[in-house]
2 protein chains.
Amino acid sequence: MLSTLPQKRSPGRPREFDRDSALKAAMLVFWRYGYEGASLADLTEAMEISKPTLYAAFGDKETLLREALHMYLGLHAEAYTTALNLPTVKQIAEAWLRLVGGVREEAAVPSGCFVVQGALVGSKASRVIQDELASIRNEATQKLEQRFARAKQEGGLPGTWEPGPLAQYLSALASGLAVQSSGGVPPEVLNQAVDQVMANWPK
Amino acid sequence: MLSTLPQKRSPGRPREFDRDSALKAAMLVFWRYGYEGASLADLTEAMEISKPTLYAAFGDKETLLREALHMYLGLHAEAYTTALNLPTVKQIAEAWLRLVGGVREEAAVPSGCFVVQGALVGSKASRVIQDELASIRNEATQKLEQRFARAKQEGGLPGTWEPGPLAQYLSALASGLAVQSSGGVPPEVLNQAVDQVMANWPK
DNA sequence: AGGTTATTTTCCACATCGGTACAAAAATAA
DNA sequence: TTATTTTTGTACCGATGTGGAAAATAACCT
């Protein structure tokens with residue numbers, strides 16, 4: 001019998017570029033310039049492919065963005081899940097702020113958060129994308145809220161917090177940290193602010 | 001004799017539109033769609049003037065945005081000043097969050113904050129505007145920090161807060177509230193979050 | 001080798017972008 | 001009246017935007 005290889009080559013001319021690394025390049029461009037701010041010229045240059053090649057491999061710009069967004073989310077999904085599974089609400093809050101706030105040291109990626117600055121506003125033509133990113137933000141907030149609802153049952157929330165408002169508060173703060181980061185506020189400054197948020201965390 | 005009116009008319013055809021209300025219309029368009037998301041077609045339609053008229057009266061798009069931004073800031077300047085002059089840090093924080101967070105009921109204006117969503121990211125061509133808005137955000141943070149430094153001298157800050165991080169924290173949270181608002185999160189929800197932030201404010 | 005299939009390149013289509021030249025229109029000044 | 005000044009609408013500019021058609025190319029399979 002013939003061994004079922006991991007991937008069997010499909011007939012036809014093999015592509016000359018690595019689809020995944022091209023997609024990653026596109027993701028970084030969208031991340032930095034936003035959906036409408038990223039032109040096809042920016043994208044093709046970073047992806048090192050020609051325009052029709054991009055078109056053939058990824059479809060139109062909107063589809064490409066969705067795939068890039070999916071990759072972005074996938075790259076961070078593990079960290080999110082880990083954060084949500086931390087034992088205490090305080091630990092979750094801190095992990096969330098450091099993560100979503102985009103407060104990290106890696107200089108290889110753009111500052112800020114794809115989901116925040118990818119299409120916060122824009123022309124009517126990109127309304128669908130704007131709504132999609134807003135939905136993702138809302139879903140994240142809901143995940144937080146559900147986790148905090150569990151925490152409330154299991155032993156209470158800090159201070160006088162309720163799950164919903166606490167989730168909204170953390171989501172907003174995280175988005176705001178991303179805004180500041182995107183605007184050039186250095187990570188140390190933002191980290192220092194988060195430090196003191198945690199230091200003043202209610203019992 | 002003819003009465004010397006407050007302003008004597010200059011020769012030439014008088015303009016047929018009100019410059020100030022046209023500028024206000026432009027401000028609302030920039031606020032809603034952002035700098036690059038707002039096309040000249042959007043602007044001229046809302047301002048109810050033709051493209052050459054816009055050019056003669058306001059210069060290019062970038063100059064128009066600056067003037068619209070100036071109007072936006074002017075409309076809120078009084079509220080900012082009032083907030084900064086409140087007696088306690090807690091009162092300042094609450095006023096700031098309600099104001100800058102864009103958590104207000106007026107349905108006549110777009111949601112979110114001009115300074116946040118006007119040009120958070122975008123093409124390289126609009127980098128100047130992006131930086132300008134980021135500067136305005138930073139200046140606001142500095143104003144807060146200076147006020148908190150004064151408060152520290154006069155009697156201490158709540159919890160273990162220091163002026164710099166506290167200012168950064170509030171700025172970020174306000175920007176984040178604006179992001180959430182821009183994404184369609186209803187004002188009541190955001191106000192509820194702010195309510196609990198204040199309820200858990202450290203002594 | 002021949003045939004098939006997919007990719008790549010060259011060139012192009014068409015809308016929209018910000019920005020303007022021009023002359024008619026409407027007011028004041030002489 | 002005539003001249004001057006300023007605004008206004010029409011029509012247009014080059015550049016860039018996204019999106020594609022069609023032919024050339026390069027692998028695979030028999």
Side-chain angles (χ1 to χ4, degrees), chain A residues 2 5 7-23 26 29-30 33-68 119 121-129, chain B residues 2-23 26 29-30 33-68 118-119 121-129:
Chain A
L2 41 110
L5 288 163
Q7 82 284 7
K8 65 172 181 187
R9 295 194 68 157
S10 51
R13 175 176 177 171
R15 61 163 45 110
E16 297 176 354
F17 67 98
D18 180 41
R19 196 181 190 279
D20 230 52
S21 68
L23 180 58
V29 170
F30 279 131
Y33 299 117
Y35 174 56
E36 292 194 297
S39 69
L40 285 193
D42 294 328
L43 291 165
T44 53
E45 186 187 0
M47 301 167 78
E48 296 182 41
I49 58 178
S50 72
K51 224 181 330 178
T53 301
L54 184 153
Y55 220 78
F58 296 99
D60 62 2
K61 192 186 179 185
E62 187 175 326
T63 309
L64 174 61
L65 175 109
R66 267 186 249 274
E67 208 168 329
V121 294
S123 77
K124 294 161 193 162
S126 72
R127 184 61 192 271
V128 191
I129 305 294
Chain B
L2 37 110
S3 63
T4 50
L5 289 163
Q7 80 284 9
K8 68 172 182 183
R9 298 187 65 158
S10 49
R13 179 176 176 171
R15 62 161 45 111
E16 296 175 355
F17 68 98
D18 180 41
R19 194 182 190 279
D20 229 53
S21 69
L23 179 58
V29 171
F30 278 131
Y33 299 117
Y35 174 55
E36 292 194 297
S39 70
L40 284 191
D42 294 328
L43 290 165
T44 54
E45 187 188 0
M47 300 167 80
E48 297 182 43
I49 59 178
S50 71
K51 229 182 319 183
T53 302
L54 184 154
Y55 257 78
F58 297 99
D60 62 2
K61 192 187 180 186
E62 188 175 324
T63 308
L64 175 61
L65 175 110
R66 268 186 246 274
E67 207 168 331
V121 296
S123 77
K124 293 161 194 163
S126 71
R127 184 62 192 271
V128 192
I129 305 294

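Residue numbering restarts at 1 for every chain, and letters A, B, ... go by the order of the sequence lines.
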Tightest non-hydrogen contact, residues A/Val29 and A/Ala46, listed as CG2-CB, 3.5 Å
If you count heavy atoms of other groups shown closer than 6.0 angstrom to CD of A/Glu62, is the number above 12?
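It does: A/Glu62 CD has more than 12 such atoms within range.
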>> Do A/Ile129 and A/Arg66 make a side-chain contact, defined as non-hydrogen atoms from C-beta onward lying under 4.5 Å apart?
In response: yes
Close side-chain approach of B/Met47 to B/Leu64, heavy-atom, < 4.5 Å
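Result yes, sub-4.5 Å side-chain heavy-atom pair found.
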Rounded to whole angstroms, how far apart are [atom1] on [X] and [atom2] on [N]?
X	N	atom1	atom2	answer
B/Tyr55	D/dC13	OH	P	18 Å
A/Leu43	D/dG17	CG	P	11 Å
B/Leu54	D/dT7	CG	C1'	14 Å
B/Arg19	D/dT8	CZ	P	12 Å
A/Glu48	C/dT7	CD	C1'	17 Å
A/Asp18	C/dT7	CG	P	14 Å

A correct 5'-to-3' footprint of nucleotides 8-17 of chain C, with B, S and - meaning base, sugar-phosphate only and no protein heavy atom under 4.0 Å, is BBB------S
Checking N1-N3 plus N6-O4 or O6-N4 for Watson-Crick, or N1-O2 and O6-N3 for wobble, each under 3.5 Å, the partner of C/dA30 is D/dT1
List, one per line, each side-chain donor-acceptor pair under 3.5 Å for residues 51-60 of chain B, sequence neighbours excluded.
{"unit_1": "B/Thr53", "atom_1": "OG1", "unit_2": "B/Ser50", "atom_2": "OG", "d": "2.9"}
{"unit_1": "B/Asp60", "atom_1": "OD1", "unit_2": "B/Thr63", "atom_2": "N", "d": "3.0"}
{"unit_1": "B/Asp60", "atom_1": "OD1", "unit_2": "B/Thr63", "atom_2": "OG1", "d": "2.6"}

Counting only pairs under 3.5 Å, give me each side-chain donor-acceptor contact of residues 35-44 of chain A, with atom names and distances, residues two or more places apart or in other chains.
{"unit_1": "A/Glu36", "atom_1": "OE1", "unit_2": "A/Ser123", "atom_2": "N", "d": "2.9"}
{"unit_1": "A/Glu36", "atom_1": "OE1", "unit_2": "A/Ser126", "atom_2": "OG", "d": "3.3"}
{"unit_1": "A/Glu36", "atom_1": "OE2", "unit_2": "A/Ser123", "atom_2": "OG", "d": "2.6"}
{"unit_1": "A/Ser39", "atom_1": "OG", "unit_2": "A/Ala41", "atom_2": "N", "d": "3.4"}
{"unit_1": "A/Ser39", "atom_1": "OG", "unit_2": "A/Asp42", "atom_2": "N", "d": "3.1"}
{"unit_1": "A/Ser39", "atom_1": "OG", "unit_2": "A/Asp42", "atom_2": "OD2", "d": "3.1"}
{"unit_1": "A/Asp42", "atom_1": "OD1", "unit_2": "B/Lys124", "atom_2": "NZ", "d": "3.4"}
{"unit_1": "A/Asp42", "atom_1": "OD2", "unit_2": "A/Ser39", "atom_2": "N", "d": "3.2"}
{"unit_1": "A/Thr44", "atom_1": "OG1", "unit_2": "A/Leu40", "atom_2": "O", "d": "2.9"}
{"unit_1": "A/Thr44", "atom_1": "OG1", "unit_2": "A/Ala41", "atom_2": "O", "d": "3.2"}

